[in-house]
Student: 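Mind looking over this structure? Questions follow.
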Amino acid sequence: MMRKRKGYTVYPLTAAQKFHFFYLDACPNKAVVNIGTSLTIEAEIDFDILRESILKAYERSEGMRIQFAKDKEGVWYQYVVDEVKQEIPFVDFSKGSMEEAEKTMREWTAVPFQREDSPMSRMVMIQMPDGFSGVYLLADHLIMDAQSMICFLKDIIELYSNRMFEDVPYPKEMTSYIEQLQKDLAYEAGSKAKEKDKAFFHKLIESSEPIYNGIDGTAKLELERDRNNNPKLRAAVNISDSVESDLDIFHLEGEPTKRLMDFCSERHISLACLLIMGLRTYFQKLNDNDDVSINTAIARRATLKEKKCGGTRIHSFPFRTIIPKETKFIDALFQIRDQQNELFRHANYDPVAYFAHRGRVYQNPAGCTYEPMSLTYQPMTLKEKGLDKLGDIRYKTKWYPNGATTQGMYLTVMHRPEDNGLDFNFEHQVKAVSRKQLEYLYYYLCKIMFKGIENPNLCVGDILKLI
């Protein structure tokens with residue numbers, strides 16, 4: 001008999017949601033799971049029709065109507081309500097400065113949600129000082145990831161445009177969150193696929209121990225070895241004693257971005273592979289180590305149903321590459337591509353179970369890890385399918401940091417709407433990583449990628465000599 005809450009069927013959390021709870025529990029600042037973003041366009045907006053479009057988008061998306069509750073044992077579960085009851089207020093920032101408007105939205109982003117039996121997102125219609133207008137959206141990571149956020153915002157624009165412009169068609173329906181949730185839960189309940197994935201990861205973990213590479217060399221690892229009186233230790237502490245975070249953004253222009261993208265499409269590799277190659281080669285250079293691991297996020301949205309169902313589907317796993325300096329740059333890229341494809345095939349596995357097993361196999365001191373950072377590449381943009389109907393209306397998207405992170409450093413690479421150039425968003429603990437270290441990393445990351453695509457047949461060691 002399925003349990004009910006307020007008349008709605010309740011479901012356990014998925015592995016992706018548990019992963020967020022895993023660090024939420026450890027973090028004193030509960031806004032750590034907040035995602036704040038604004039989307040504004042350079043056009044006069046009819047705010048009444050925009051409000052109706054927002055409410056319609058909520059109605060169309062099960063994922064945006066997820067709520068949570070706790071049972072008597074303190075275990076969280078979820079259910080989907082029929083209607084999100086909330087005001088969609090309007091805030092006019094147009095009389096002030098851009099800095100003031102952005103400061104206010106940062107403040108909004110730092111306020112955690114009341115988690116039990118309440119909506120996990122809120123929206124505000126905004127008018128900005130730069131003549132752009134649109135929406136600010138705040139959502140909890142437990143109901144949304146970057147892809148579902150883009151999908152939801154795109155739905156609002158298309159619903160609004162359909163009302164405002166004659167030739168814009170009504171957008172196709174969203175897919176069911178509950179249907180995907182049931183598939184995920186069936187997988188978790190001991191399916192053959194899960195057993196296969198578990199065997200794959202256990203073998204990978206047990207094959208040999210990774211080693212920690214620091215952002216500016218081996219100092220953190222040496223410190224850990226001294227502290228534990230163990231010269232063979234291969235893991236280190238990567239975080240500080242404070243979760244206070246900042247967001248530093250570096251911009252790569254449209255033209256050089258296009259050179260990277262063109263190279264990737266000619267060679268049939270993803271930009272994510274090139275970014276991983278650049279980052280791991282940077283750590284290889286600074287630590288003089290061929291063996292490098294970083295965490296990578298996998299969106300798990302291969303099918304159309306997964307793409308449009310909303311919710312949060314990201315799983316994050318360590319991605320370890322052993323690439324000797326004699327390897328040609330292009331061969332290293334192909335190796336990364338093949339390894340990534342293999343990881344994707346098993347990516348439904350629970351990352352918390354992965355880390356638990358690794359912890360049992362290599363019993364390192366508490367708080368130690370092998371990965372100095374995490375990477376997410378977000379290929380999806382609002383420019384895709386459908387929005388070209390709006391002619392040349394310019395629009396902007398902006399992310400607002402929530403002020404806390406449990407990781408030392410997290411890099412999200414996204415395309416800018418204005419010119420399709422890349423934004424490198426480094427969220428980092430203020431006490432763990434400095435802006436100066438990030439500038440250095442970003443500078444070398446770009447040098448490695450561009451030298452590599454200009455000379456793909458050079459070996460990695462020679463590229464390191466050239467930069």
Student: Quick one: ring pair (Phe, Tyr, Trp, His ring centres under 6.0 Å) partners of Phe319, sequence neighbours excluded?
Tutor: none
Student: Could you measure the distance from the CZ atom of Arg320 to the CD1 atom of Ile294? Nearest 0.5 Å is fine.
Tutor: 14.0 Å
Student: Does Lys198, at its NZ atom, have more than 12 non-hydrogen atoms belonging to other residues, nucleotides or ligands within less than 6.0 Å?
Tutor: no
Student: Got Cys27 and Thr406 here, is their nearest side-chain heavy-atom distance under 4.5 Å?
Tutor: yes
Student: Taking atom types as modelled, is there a side-chain donor on Asp71 or Tyr77 under 3.5 Å from an acceptor on the other?
Tutor: no
Student: Around atom CD of Glu116, are there more than 12 heavy atoms from other residues, nucleotides or ligands closer than 6.0 Å?
Tutor: yes
Student: Is there a side-chain contact between Arg234 and Pro210 in this structure, where contact means two heavy atoms from C-beta onward sitting under 4.5 Å apart?
Tutor: no
Student: If you measure from CE on Met144 to CD1 on Ile35, what distance do you get to the nearest 0.5 Å?
Tutor: 6.5 Å
Student: How about Tyr443: does its OH atom have over 12 heavy atoms from other parts shown lying under 6.0 Å from it?
Tutor: no
Student: Would you mind reporting whether Ile205 and Tyr362 have side-chain heavy atoms less than 4.5 Å apart?
Tutor: yes
Student: My understanding is that only residues two or more places apart in sequence, or in another chain, count here; which of them pass ring pair (Phe, Tyr, Trp, His ring centres under 6.0 Å) with His141?
Tutor: His20
Student: Check the pair Glu83, Glu59 against side chain to side chain contact (heavy atoms under 4.5 Å, CB included), reporting the backbone distance first and the verdict last.
Tutor: CA-CA 7 Å; Glu83 188 190 359; Glu59 202 181 295; over 6 Å; no
Student: Kindly write out the residues that satisfy ring pair (Phe, Tyr, Trp, His ring centres under 6.0 Å) with Phe21, not counting sequence neighbours, or none if the list is empty.
Tutor: Trp76
Student: Could you tell me if the side chain of Val243 sits less than 4.5 Å from the side chain of Val32, heavy atoms only?
Tutor: no
Student: Would you mind telling me which of Arg313, Gln378, Arg301, Arg300 makes a side-chain hydrogen bond (donor to acceptor under 3.5 Å, both in side chains) with Asp145?
Tutor: Arg301
Student: For His428, which of Thr405, Asp246, Asp248 qualifies under side-chain hydrogen bond (donor to acceptor under 3.5 Å, both in side chains)?
Tutor: Asp248
Student: Can you name the nearest heavy-atom pair linking Met449 to Gly278, along with the distance?
Tutor: CG-CA, 4.2 Å
Student: For side chain to side chain contact (heavy atoms under 4.5 Å, CB included), just list the numbers for Tyr354 and Phe19, CA-CA rounded to whole Å, side-chain angles, deciding distance to a tenth of an Å, and then say yes or no.
Tutor: CA-CA 11 Å; Tyr354 173 100; Phe19 190 59; over 6 Å; no
Student: Once you measure the plane-to-plane angle for Tyr440 and Tyr282, does it fall in the parallel (<30°), tilted (30-60°) or perpendicular (>60°) bin?
Tutor: perpendicular
Student: When Pro12 is tested against each of Leu185, Asp184, Leu181, Val75 for side-chain contact (heavy atoms from CB on, under 4.5 Å), which residue passes?
Tutor: Leu185
Student: So, Asp117 and Tyr79: side-chain donor and acceptor under 3.5 Å apart, yes or no?
Tutor: yes
Student: Could you grab the distance from atom OG of Ser270 to atom CD1 of Ile276, nearest 0.5 Å is fine?
Tutor: 7.0 Å
Student: Is there a side-chain contact between Ile215 and Leu286 (heavy atoms, below 4.5 Å)?
Tutor: no
Student: Measure across Leu274 and Cys264 and return the closest heavy-atom pair with its distance rounded to 0.1 Å.
Tutor: CD2-SG, 3.9 Å
Student: Measure the shortest side-chain to side-chain distance between Leu137 and Leu39 over non-hydrogen atoms and say whether it is less than 4.5 angstrom.
Tutor: no
Student: Hey, mind stepping through Gln182 and Tyr11 against side chain to side chain contact (heavy atoms under 4.5 Å, CB included) and telling me if it holds?
Tutor: CA-CA 8 Å; Gln182 286 167 327; Tyr11 302 94; 3.8 Å; yes
Student: Under the criterion side chain to side chain contact (heavy atoms under 4.5 Å, CB included), I'd like the reasoning laid out for Ser242 against Gln429: C-alpha separation, chi angles, the key distance, then a yes or no.
Tutor: CA-CA 7 Å; Ser242 161; Gln429 289 185 348; over 6 Å; no
Student: Rounded to the nearest 0.5 Å, what separation is found between the CG atom of Leu279 and the CG atom of Leu441?
Tutor: 6.0 Å
Student: With sequence neighbours left out, write down each residue that passes side chain to side chain contact (heavy atoms under 4.5 Å, CB included) with Glu102, or none if nothing qualifies.
Tutor: Met98, Lys398, Tyr400
Student: Ring centroid separation for Tyr349 and Phe317, is it under 6.0 angstrom?
Tutor: no
Student: Could you go through Glu99 and Lys103, starting from their C-alpha distance and side-chain angles, then the distance that decides it, and tell me whether this counts as salt bridge (Lys or Arg N to Asp or Glu O under 4.0 Å)?
Tutor: CA-CA 6 Å; Glu99 289 72 34; Lys103 181 171 174 280; over 6 Å; no
Student: For the residue pair Phe426 and Phe250, is the inter-centroid distance of their aromatic rings smaller than 6.0 Å?
Tutor: yes
Student: Is there a donor-acceptor contact under 3.5 Å from the side chain of Asn425 to the main chain of Thr412?
Tutor: yes
Student: For the side chain of Thr218 and the backbone of Gly214, is there at least one donor-acceptor N/O pair under 3.5 Å apart?
Tutor: no
Student: What is the minimum heavy-atom distance between Leu13 and Lys18, and which atoms define it?
Tutor: O-CE, 3.8 Å
Student: Which heavy-atom pair separates Ile45 from Ile41 by the least distance, and what is that distance?
Tutor: CD1-CG1, 4.0 Å
Student: Answer yes or no: is there an ion pair linking Arg60 with Asp155, defined by an N-O contact shorter than 4.0 Å?
Tutor: yes
Student: Ignoring hydrogens and geometry, is there a side-chain-to-backbone donor-acceptor pair from Lys305 to Ser176 under 3.5 Å?
Tutor: no
Student: What heavy-atom pair brings Arg5 and Val10 nearest, and what distance separates the two atoms?
Tutor: CB-CG1, 3.4 Å
Student: Going by salt bridge (Lys or Arg N to Asp or Glu O under 4.0 Å), name the residues that satisfy it together with Glu44, two or more places apart in sequence or in a different chain.
Tutor: none
Student: Hey, is the main chain of Val111 close enough, under 3.5 Å, to the side chain of Asn34 for a donor-acceptor pair?
Tutor: yes
Student: In terms of side-chain geometry, is the basic nitrogen of Lys220 or Glu224 positioned less than 4.0 Å from the acidic oxygen of its partner?
Tutor: no
Student: State, with a plain yes or no, whether a side-chain heavy atom of Phe113 is found less than 4.5 Å away from one of Leu138.
Tutor: yes
Student: Is the ring pair Tyr377/His415 parallel, tilted or perpendicular, if the boundaries are 30 and 60 degrees?
Tutor: perpendicular
Student: As a test of understanding, state which of Met64, Gln67, Arg65 forms a side-chain contact (heavy atoms from CB on, under 4.5 Å) with Val84.
Tutor: Arg65
Student: Indicate every side-chain donor-acceptor pair of residues 120-134 with a distance under 3.5 Å to a residue at least two apart or in another chain.
Tutor:
residue: Ser121; atom: OG; partner: Tyr58; partner atom: OH; Å: 2.7
residue: Asp130; atom: OD1; partner: Phe132; partner atom: N; Å: 3.0
residue: Asp130; atom: OD2; partner: Lys396; partner atom: NZ; Å: 2.8

Student: How close do Tyr177 and Cys309 get, counting heavy atoms only, and between which atoms?
Tutor: CB-O, 3.3 Å
Student: Report yes if some heavy atom in the side chain of Thr312 is under 4.5 Å from a heavy atom in the side chain of Ser148; otherwise report no.
Tutor: no
Student: Return the OG to CD distance between Ser374 and Gln407, rounded to the nearest 0.5 Å.
Tutor: 3.5 Å
Student: Rounded to the nearest 0.5 Å, how far does CE of Met409 lie from CD of Gln437?
Tutor: 8.5 Å
Student: Are Asp197 and Lys194 close enough, and set up right, to give a salt bridge (Lys or Arg N to Asp or Glu O under 4.0 Å), and what steps lead you there?
Tutor: CA-CA 5 Å; Asp197 297 340; Lys194 183 184 173 181; over 6 Å; no
